[in-house]
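Chain identifiers are assigned alphabetically (A, B, ...) following the order of the sequence lines, protein sequences preceding nucleic acid strands; residue numbering begins at 1 within each chain. Any value given below was found using the heavy atoms of this structure, including those in side chains, with hydrogens, waters and symmetry copies removed.
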Amino acid sequence: MSLSTKYDPTSIEDKWYKYWMDNKFFASKPDKNKEPYTIVIPPPNVTGQLHMGHMLNNTIQDVLIRRARMQGKEACWVPGTDHASIATEAKVVNLLKEKGIKKGDISREEFMEHAWEWKEKYGGIILQQLKKLGASCDWDRERFTMEEDLSAAVIEVFNDLHEKGYIYRGIRMVNWDPEGKTALADDEVIFKEVNSKLYYIKYLIEDSDHHLVIATTRPETIMADAAICINPNDDRFKHIKGKKAIIPLINRSIPIIEDDYVDMEFGTGCLKVTPAHDINDYEIGIRHNLPSIDIINDDGTLNDKAEILVGDDRFVARKKIAKLLKEADQLEKEEDYTSNVGHSERTNAVIEPKLSMQWFVKMEELVKPAYENVMNDTIQLIPPKFKNTYKHWMENVRDWCISRQLWWGQRIPAYYLSNGEYVVGKTPEEALEKAKMKLNNNAITLADLRQDEDVLDTWFSSWLWPISVFNGFKDPENEDFNYYYPTNDLVTGPDILFFWVARMAMAGYEFTGKKPFNNVYLTGIVRDTQGRKMSKQLGNSPDPLDLIKTHGADGVRSGLLLSSAAGNDLLFDVKLCEQGWNFGNKLWNAFRLIKGWEVKEIDTPVVSVKANAWFEARFEEALLEIENHFSKFRISDALMTVYKLIWDDFCSQYLELIKPPYGEAIDKESYEASIIFLEDLLKVLHPFMPFLTEEIWHQIKERDTKDALIITHYPIHKKFDGNLVKDAEVAFELITQIRNIRASKGISPKQGLKLFIKTDNEAIYQEYISFINKMANLDELQFTTDKIENAISFFIKSDECFVPMEGSIDVEKEKEELQKELDYISGFLKSVKKKLSNDKFVNSAPEKVVQIEKQKKADAEAKIKTLEASLKSLS
RNA sequence: GGGGAUAUAGCUCAGUUGGUUUAGAGCACCUGCCUUACAAGCAGGGGGUCGUAGGUUCGAAUCCUACUAUCCCCACCA
């Protein structure tokens with residue numbers, strides 16, 4: 001059989017994914033004899049296209065789930081998508097616009113039909129893309145946050161919280177889009193730098209000739225002023241405290257109040273307070289019990305409460321007011337000013353802060369267990385630095401505004417009655433019963449109830465995700481829920497630590513009495529090589545599917561993992577994917593080498609016997625290291641350990657050691673050992689590079705359909721001889737030194753060399769003499785008690801080694817190198833001596849540390865002695 | 001403005017409760033090799049005093065303080 005020297009991922013990846021799917025290797029069902037291992041996917045938005053963040057995040061999840069599966073756990077990774085109210089509604093509105101349909105012209109029902117149609121058509125794209133990455137989700141368990149059962153859970157939770165008194169209605173300032181005539185979520189508001197003017201307006205102080213000057217960017221709102229505010233510590237305004245001021249043009253009297261909010265440095269140090277049209281002013285208004293005078297209509301024109309300029313648009317009014325003030329000599333000056341102004345993402349209209357009635361969840365009680373159990377590590381955040389961030393947020397949590405003025409989402413199950421009161425029910429029918437009781441009127445019908453127009457915040461469904469995907473609300477006693485919940489690990493970005501993770505913790509404790517997950521692994525944010533966040537606008541995000549096409553899913557997966565420590569942002573470089581591919585190719589070629597060997601039942605060479613024993617121990621050592629990395633969620637380090645194990649230990653050392661001379665056959669024992677080692681390596685690599693490893697697994701030999709690497713048992717750690725590995729290090733170092741001599745002296749690897757070692761510990765070299773002979777191509781290795789003349793020398797620890805040179809050696813160059821080493825070791829000795837001559841050190845440092853220093857001193861002195869002798873013999 | 005971090009080799013990062021050489025890895029770089037698995041490879045090599053300034057300590061990359069720079073989250077300037 002001839003195999004290509006270049007590994008081609010495209011030809012095998014689809015094949016193996018199909019094979020895994022066809023054999024249902026991803027599927028999971030409760031099995032009492034096995035330990036469950038569960039991950040729920042952070043559901044991507046149905047509007048989403050796979051981006052680098054998803055790639056990273058899902059690669060990590062897949063590594064964890066594949067490893068757990070191979071460890072014999074009942075691994076279950078639940079996939080799904082999020083309905084994403086705002087983003088999806090915007091997409092649908094745009095699509096309709098292209099068709100010439102305005103949202104305002106169709107009914108809610110019609111809109112929802114279009115929206116569902118859109119969801120059915122595009123909503124699954126992102127999950128299809130995940131399959132290309134190799135994600136081994138249990139696709140039979142796919143859920144959607146707005147599907148029937150999950151929506152029912154949302155409604156049930158709303159009812160439950162309402163009954164507990166955690167849900168209330170309240171006034172809140174929303175971002176109003178006067179053009180779209182709708183409220184916008186914060187993330188739909190785009191702040192832009194705008195050139196505007198700062199108007200300095202004179203307000204007369206009541207019963208005096210003096211006036212105050214107030215700087216504002218919005219003179220058209222003076223008619224809505226409820227107070228003038230100064231900083232209580234501002235001595236400049238001592239004389240007007242407690243007095244009143246007169247609003248120009250309309251001559252209404254307002255109080256002068258004091259509040260810390262006012263920045264004495266800004267403008268004139270006086271602030272006009274307009275509670276109805278500014279969020280900060282609104283809060284000041286609450287603190288000081290001020291009225292909210294709303295002078296702006298939904299369409300941005302002034303209403304009759306403004307008294308003047310009624311009907312004018314706010315921007316027209318701004319200009320007119322400025323003119324009127326100037327004419328009345330109440331405008332001191334105008335200044336050019338740039339400020340950040342919020343614009344609607346959809347219509348680009350300038351946002352008008354507007355008061356409106358919204359639904360809230362009281363957070364005080366919900367937060368408690370979610371807070372405590374993260375602080376005491378019952379739920380572990382990885383890396384732990386996020387505990388600080390979490391703590392701060394939880395301690396300052398504000399009530400959660402859960403209503404959104406949208407159509408796409410779960411409609412709030414509150415129903416208004418004719419008298420203005422409302423009832424909450426799981427169904428309209430249930431609401432009707434409550435309404436009848438409330439009104440004490442059995443005659444009313446469903447037609448008398450008017451359901452709230454708003455839908456719930458998307459997070460109000462996603463916070464239930466770990467529970468609702470297992471139908472924990474529908475049937476808390478069901479087998480799946482009992483078996484899989486609480487889930488094990490959650491992998492997500494730190495940007496949604498509060499929006500999502502914290503709220504899931506709250507929901508978990510509130511509705512199940514249990515935590516929703518044990519560990520939360522917070523990945524970093526994927527940035528470009530210049531450290532910029534990847535974004536559509538910058539166009540600096542590579543298309544993940546293109547990357548997979550060019551570098552293979554395995555290459556991209558390992559590329560991402562190689563660059564990411566948990567919680568640290570990672571600067572993504574395509575080169576890492578190349579490195580990932582290179583690594584795959586290296587393994588592929590190692591496999592080709594083994595596969596190509598002719599095997600004979602001949603005696604196993606001494607070097608191979610030793611090499612087999614050595615690699616077995618080395619593998620165990622690395623496996624231990626890998627386990628350790630995994631236990632700390634150091635995925636990147638775990639992969640690097642596998643990488644070095646395969647590339648350095650297996651390929652560069654082991655295979656070179658057992659490789660038969662050109663044209664000769666390999667002994668059966670070593671061949672079989674190499675196959676076993678290769679299989680073990682495939683197992684530990686599989687979670688990272690599933691496709692290539694599965695391919696090689698099946699090429700090693702004919703296998704039964706059910707004998708798939710994906711479900712093969714992960715190696716279990718065995719005891720091993722650590723000295724075997726440690727002593728071999730000495731041999732490998734010696735080999736490197738001899739190769740170094742060859743390189744620096746231009747001696748061909750084919751030319752045999754002699755080596756003399758001056759040592760007290762012959763055994764350690766004797767042990768690995770076969771390694772040294774083969775890898776360094778020695779003709780002869782001898783031990784000596786004397787210096788060897790006309791030789792190049794080097795040190796292994798404090799043992800001096802000599803390689804005799806034919807002809808004369810460059811004495812000056814040798815001297816130079818010896819001197820260099822002598823200088824270094826002398827400097828080192830000096831620092832050690834300094835430590836040891838310090839009584840305080842000797843007295844207060846632990847005995848062990850002092851012993852180590854003494855040993856260092858002895859070694860250094862011995863080495864200096866031989867170095868000096870060598871120098872002397874050269875001169 | 002409030003909060004949270006980070007700063008170690010050209011780049012990306014390790015360095016686990018302060019003490020095993022005068023700090024490690026991967027990549028990049030330099031030199032030599034088309035050596036019979038792999039030139040997307042092999043062998044060898046150079047490179048940092050750990051952001052700056054103080055402090056604690058017998059001992060600091062590691063702990064403390066200040067400063068500087070960068071990043072993230074939240075709130076957004078009349």
Side-chain angles (χ1 to χ4, degrees), chain A residues 3 5-7 186 191 198 214-218 229 261-263 266-274 278-281 337 339-340 342 385-386 388-393 396 494-495 497-498 524-525 527 529 531 533 562-565 567-573 575-576 578-579 581-597 628 632 634 636-637 640 643-644 651-652 655-656 659 661-663 736-737 739-744 746 748-750 824-825 827-832 835 838-846 848-853 855-856 859-860:
Chain A
L3 298 165
T5 58
K6 303 254 187 309
Y7 155 61
D186 288 348
F191 281 90
L198 202 53
I214 290 162
T216 179
T217 52
R218 300 203 61 191
C229 190
Y261 171 76
V262 179
D263 179 358
F266 190 89
T268 60
C270 286
L271 171 73
K272 73 188 206 56
V273 183
T274 320
D278 183 279
I279 176 71
N280 294 302
D281 291 13
Y337 184 71
S339 60
N340 267 337
K385 69 177 177 186
F386 285 108
N388 276 333
T389 324
Y390 186 87
K391 178 172 187 241
H392 184 257
W393 192 76
N396 296 286
D495 48 332
L497 180 61
F498 309 131
I525 293 164
R527 298 169 174 280
T529 44
K533 215 167 172 172
L562 282 171
S563 56
S564 67
N568 279 355
D569 286 359
L570 64 100
L571 307 191
F572 179 77
D573 193 337
K575 279 184 189 162
L576 287 163
E578 286 168 24
Q579 192 188 344
W581 184 88
N582 290 352
F583 176 48
N585 196 48
K586 182 74 187 174
L587 179 65
W588 174 249
N589 277 293
F591 161 67
R592 278 182 58 233
L593 174 68
I594 296 170
K595 189 78 183 166
W597 275 331
N628 186 34
K632 292 171 183 161
R634 293 168 165 237
S636 184
D637 292 334
M640 186 45 77
Y643 181 95
K644 286 194 279 194
C651 294
S652 297
L655 289 180
E656 292 298 333
K659 197 181 194 174
Y662 183 55
T736 299
Q737 288 283 11
R739 284 172 173 173
N740 185 8
I741 289 171
R742 287 185 190 277
S744 61
S748 159
K750 285 173 184 159
Y824 174 87
I825 198 84
F828 171 64
L829 179 64
K830 211 173 140 190
S831 78
V832 175
K835 263 191 201 174
N838 185 338
D839 288 343
K840 283 184 180 169
F841 169 74
V842 179
N843 294 333
S844 38
K848 205 174 140 196
V849 175
V850 178
Q851 277 307 323
I852 288 164
E853 291 301 317
Q855 186 60 48
K856 282 186 203 168
D859 289 350

Salt-bridge present (A/Glu853, A/Lys856; N to O < 4.0 Å):
yes
Starting at NZ of A/Lys848 and ending at P of B/G18, how long is that distance when rounded to a whole Å?
15 Å
Taking atom C1' of B/U22 as reference, at what distance in whole Å does atom NZ of A/Lys830 sit?
12 Å
Across the strands shown, which category fits [X] at heavy-atom distances under 4.0 angstrom: base, sugar-phosphate, nothing?
{"X": "A/Pro661", "answer": "nothing"}
{"X": "A/Asn388", "answer": "sugar-phosphate"}
{"X": "A/Cys229", "answer": "nothing"}
{"X": "A/Lys835", "answer": "nothing"}
{"X": "A/Lys659", "answer": "base"}
{"X": "A/Lys644", "answer": "sugar-phosphate"}
{"X": "A/Thr736", "answer": "sugar-phosphate"}
{"X": "A/Ser748", "answer": "nothing"}
{"X": "A/Arg742", "answer": "nothing"}

Can you name the nearest heavy-atom pair linking A/Thr268 to A/Ala215, along with the distance?
OG1-N, 4.0 Å
Quick one: closest heavy-atom pair of A/Lys659 and A/Trp597, and the distance?
CA-CZ2, 4.0 Å
Among the candidates B/C58, B/A40, B/U36, find the nucleotide nearest to the side-chain atoms of A/Asn582.
B/A40
Pair A/Glu578, A/Asn582: side-chain N/O donor-acceptor within cut-off below 3.5 Å:
no
Check whether the side chain of A/Glu656 and the base of B/A37 form a donor-acceptor pair under 3.5 Å.
yes
Looking only at N and O atoms, is any donor in the side chain of A/Lys586 or the base of B/C38 less than 3.5 Å from an acceptor on the other one?
yes
Under 6.0 Å between the ring centres of A/Tyr390 and A/Trp393?
no
Intra- and inter-strand pairing of RNA chain B, written as dot-bracket with Watson-Crick and G-U pairs under 3.5 Å and | for the latter, reads (((((((..((((.....[....)))).(((((.......))))).....(((((..]....))))))))))))....
side-chain contact (heavy atoms from CB on, under 4.5 Å) with A/Lys830: which residues, sequence neighbours excluded?
none
Sequence-aligned protein contact record of nucleotides 73-78 of chain B, with B where the base is within under 4.0 Å of a protein heavy atom and S where only the sugar-phosphate is
SSSS-B
Between CG of A/Leu587 and CZ of A/Phe583, what distance do you get to the nearest 0.5 Å?
6.5 Å
Drop me the distance from A/Gln579's CD to A/Asp573's CG, to the nearest 0.5 angstrom.
10.0 Å
Considering heavy-atom distances to RNA chain B, does A/Glu853 or A/Ser844 have its closest nucleotide positioned more toward the 5' end?
A/Glu853
Using modelled atom types only, decide if a donor and an acceptor are shared between the side chain of A/Asn589 and the backbone of A/Arg592 within a distance under 3.5 Å.
no
